[in-house]
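As C-alpha cells, the structure follows; a few thoughts come after it.
Both ligands and their constituent atoms are indexed starting at 1 by order of listing. Given the structure is predicted, the values throughout are model-derived calculations rather than measurements.
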Amino acid sequence: MIEINKLHKSYEMGSSSLHVLKGIDFKVEAGELVAIMGSSGSGKSTLLNILGMLDISDQGTYDLDDIRIADMDEKKAANYRNRFLGFVFQSFNLINYKSALENVALPLYYQGIARKERQKTALNYLDKVGLKDWSLHLPSELSGGQKQRVAIARALAANPKVLLADEPTGALDSATSREVMALIQKINNEGKTILVVTHENDIANMCKRIVHLKDGVIVEDKKIKQNIIKDV
Ligand code: ADP
Ligand code: MG
C-alpha cells in the first residue's frame, strides 16, 4: 500500500537548514493500523505530510498503491490526494459556517458527485460515526469528540485507500480520546488502512503496530498486542 525508501527532508531557514527526516524506510500493508510515535519535533507531522502528498521529500522514493509519487504536477497530485487519501487533524479543520452534513459532503463535491448523491452518502457516513441526528448542526454546536467524528466521516466520505490522522486525539480529554480511538479501531477492523500520529503511549497502544521516530530516524518498528477498546 505504502512504501518509502531512504526518505530525507530538510527545511531551509535563511542561511541554515534543519534536517528533519534522515533516511526513513518503511512499508505499510493494506489493512494495517500504525501509530507513528515520537516526541514533539521528532518529524512525525513532516513524515505524515509527505505521505499525504501535502509536502514533498528532498530525497528518497514514495510509492502509494504501486504508483511512484514523484514530480507530479499539482493538479495530478491534488487528484491523487482526493482519491487516495483521507485526513484527520488535531484541530478538526471543519468549516464553521457549514453543517455537519455539508462538511462531510464537501469532498464529494470536489469529486463532481451530484448533490442528492452527496447528501445521501454524507448522511450514511454521519450515521456510521453515530451522528445522524446531528447532521444539521454547526460545528460550534458540537462537542470536541463530535467534531472529530464529523472530521472522520468527512475523511471517509470519498472512500480513500488510506486514512492519515495527525494527533487526532490531541485536543480531546482522555474519555473522548478513547471514543475517537474506538471509532478508528472499528473503521480499521472494516478494512481501512490507517496511520495515526501521536506522542501518547496509550493512544499508540490502541494501534496494531508502533513506528517510533526519534530525531528524524526510525528507532523502533514493532507489531504490538492491540489494546482493544470495548467499553464505549
Ligand atoms: P512533530 O510533528 O513530531 O512534532 P514536525 O514534523 O512538525 O514534528 O517538526 C519537526 C521539526 O521541523 C521541528 O523542529 C519543527 O520546528 C520543524 N519544522 C516543521 N515544519 C517546518 C517548516 N515548515 N519550516 C521550518 N521548520 C519546520
Ligand atoms: Mg506534529
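- Taking backbone and side chain together, T46 holds no N, O or S atom under 2.8 Å from the Mg ion (ligand 2).
- Here R209 does not pair with E29 in a salt bridge; the nearest charged N to carboxylate O distance is not below 4.0 Å.
- Every atom of ligand 1 with a heavy atom of S45 under 4.0 Å away is listed here by number and element: 1 (P), 2 (O), 6 (O), 7 (O).
- Environment of OH in Y11: crowded, with over 12 heavy atoms of neighbouring residues, nucleotides or ligands closer than 6.0 Å.
- Ion pairing of D202 with R178 is absent here, as no side-chain N (NZ or NE/NH1/NH2) approaches a carboxylate O to less than 4.0 Å.
- Of all the heavy atoms of T46, the ones lying under 4.0 Å from any atom of ligand 1 are found in both the backbone and the side chain.
- For G216, the heavy-atom gap to ligand 1 stays at 4.0 angstrom or more.
- Between E179 and R149 there is a salt bridge, since at least one side-chain N of the basic residue sits less than 4.0 Å from a carboxylate O of the acidic one.
- A donor-acceptor pair under 3.5 Å is formed between the side chain of N103 and the backbone N or O of I95.
- Between R81 and E74, at least one side-chain nitrogen of the basic residue sits less than 4.0 Å from a carboxylate oxygen of the acidic one, meeting the salt-bridge criterion.
- Remark: K161 NZ is loosely packed, at most 12 non-hydrogen atoms of other residues, nucleotides or ligands lying under 6.0 Å away.
- Shown here, atom 15 (C) of ligand 1 is out of close reach of the protein: none of its heavy atoms lies under 4.0 Å off.
- Under the 4.0 Å distance rule, the nearest protein heavy atom to atom 1 (P) of ligand 1 falls inside the cut-off.
- At least one heavy atom of G41 sits closer than 4.0 Å to an atom of ligand 1.
- Less than 4.0 angstrom separates some heavy atom of L18 from each of these atoms of ligand 1: 12 (O), 14 (O), 17 (C).
- Of all atoms in ligand 1, listed by their number and element, those nearer than 4.0 Å to a heavy atom of S39 are 3 (O).
- Using modelled atom types, no side-chain atom of N188 and backbone atom of I184 make a donor-acceptor pair closer than 3.5 Å.
- The closest protein non-hydrogen atom to atom 12 (O) of ligand 1 is V20 CG2, 3.3 Å.
- For atom 8 (O) of ligand 1, the closest heavy atom belonging to the protein is G43 N, 3.3 Å.
- Scanning all protein heavy atoms for the shortest distance to atom 19 (C) of ligand 1 gives Y11 CE1, 3.4 Å.
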